[in-house]
Amino acid sequence: SNVWVWEDHPTHKFLIQSISSEINIIENIEDYRMDKSKTYCIGNPPYSDRVNKEYSNKKLHKIFLLKAMEKARTTSFVVPSSQISPSTHFENIRPYLSYILTDVKKYFPGVGSTFVVLTVEDTIQDKCLVETVDGSIELPLKDIPILPKVITKENIEYVNSVLTGGREW
């Protein structure tokens, strides 16, 4: 089978095998040598480490996304919406984003946090399709340094107008 899953939780392994015995499971992602040109990575990475207290405050979802970007041609993850907030992390992934879905509450009813689906490619993208509750918009994210919380063309134009230029002292 060409389907490989990294999983180290016994219950999750059992559930994966119950879906199909053709799915290959690996416990250590470093054990699998991927052909990046043919590798697509999808997932819902852990957000923090609840077992190892040393990593309990680490943003594991960011580490997983960056590691997947190294190994895959295309990566699509469900992650906290903070991934698209202004930060060094967003600056690193922004040029590679091809898709952002902000309206995921319908897929996660009863979940209190906010999530997004991000798709990143292994090459810089000219446009990123952003889907919100109000519709879709294509944006040249490589040229847009900050996304507003409510993503609309008007809000992006406003943010860009406020953040362009510099102060002369």
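Quick caveat, the model's predicted, so the values are computed rather than measured.
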| query | Would Tyr40 and Ser76 count as a side-chain contact (heavy atoms from CB on, under 4.5 Å) if you check the C-alpha gap in whole Å, the side-chain angles of each, and the deciding distance to 0.1 Å? | reply | CA-CA 8 Å; Tyr40 299 87; Ser76 192; over 6 Å; no
| query | How far apart are the C-alpha atoms of Ile124 and Tyr96, what are their side-chain angles, what is the distance that settles it, and do they pass the side-chain contact (heavy atoms from CB on, under 4.5 Å) test? | reply | CA-CA 5 Å; Ile124 292 175; Tyr96 303 96; 3.7 Å; yes
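Put simply, CG on Leu66 and CD1 on Ile93 are 7.5 Å apart, with the number rounded to the nearest 0.5 Å. Within the model, atoms CG of Leu139 and CD1 of Ile144 stand 4.5 Å from one another, a figure rounded to the nearest 0.5 Å. Atom OG1 of Thr132 and atom CD1 of Ile137 lie 8.0 Å apart (nearest 0.5 Å). How far CD1 of Ile16 is from OG1 of Thr11: 11.0 Å, rounded to the nearest 0.5 Å. Atoms CG and OH, from Leu129 and Tyr99 in turn, are 6.5 Å apart once rounded to the nearest 0.5 Å. Rounding to the nearest 0.5 angstrom, the gap separating the CG atom in Leu147 from the OG atom in Ser81 is 11.5 Å.
Not one N or O on the side chain of Gln83 forms a donor-acceptor pair closer than 3.5 Å with the backbone of Phe115.
Annotation: side-chain contact (heavy atoms from CB on, under 4.5 Å) contacts of Ser87 (sequence neighbours excluded): His89, Phe90. Applying the side chain to side chain donor-acceptor pair (under 3.5 Å) criterion to Glu121, with sequence neighbours excluded, gives Thr74, Ser98. Judged as a side-chain contact (heavy atoms from CB on, under 4.5 Å), and not counting sequence neighbours, the contacts of Asn155 are Pro148, Val150, Thr152. The salt bridge (Lys or Arg N to Asp or Glu O under 4.0 Å) test applied to Asp103 returns Lys106, not counting sequence neighbours.
The shortest distance between side-chain heavy atoms of His61 and Pro80 falls below 4.5 Å.
Clustering ILVMFWY residues whenever any of their side-chain heavy atoms sit less than 4.5 angstrom apart, transitively, puts Ile25 in the very cluster that holds Ile19. Hydrophobic clustering, with ILVMFWY side chains joined whenever heavy atoms are under 4.5 angstrom apart, keeps Ile42 apart from Val116.
In terms of heavy-atom proximity, Cys128 sits nearest to Leu97 at CB-O, 3.5 Å. Shown here for Ala72 and Thr75, the closest heavy-atom pair between the two residues is CB-OG1, 3.7 Å.
The stretch residues 81-95 participates, sequence neighbours left out, in these salt bridge (Lys or Arg N to Asp or Glu O under 4.0 Å) pairs: Glu91-Arg94. For residues 138-154, every residue pair satisfying the salt bridge (Lys or Arg N to Asp or Glu O under 4.0 Å) rule, not counting sequence neighbours, is listed here: Asp126-Lys142.
Partner Val117 forms a side-chain contact (heavy atoms from CB on, under 4.5 Å) with one of Val104, Thr102, Ile100, Val79 and no other, that one being Val104.
A donor and an acceptor atom, one from each side chain of Gln125 and Thr123, are located under 3.5 Å apart.
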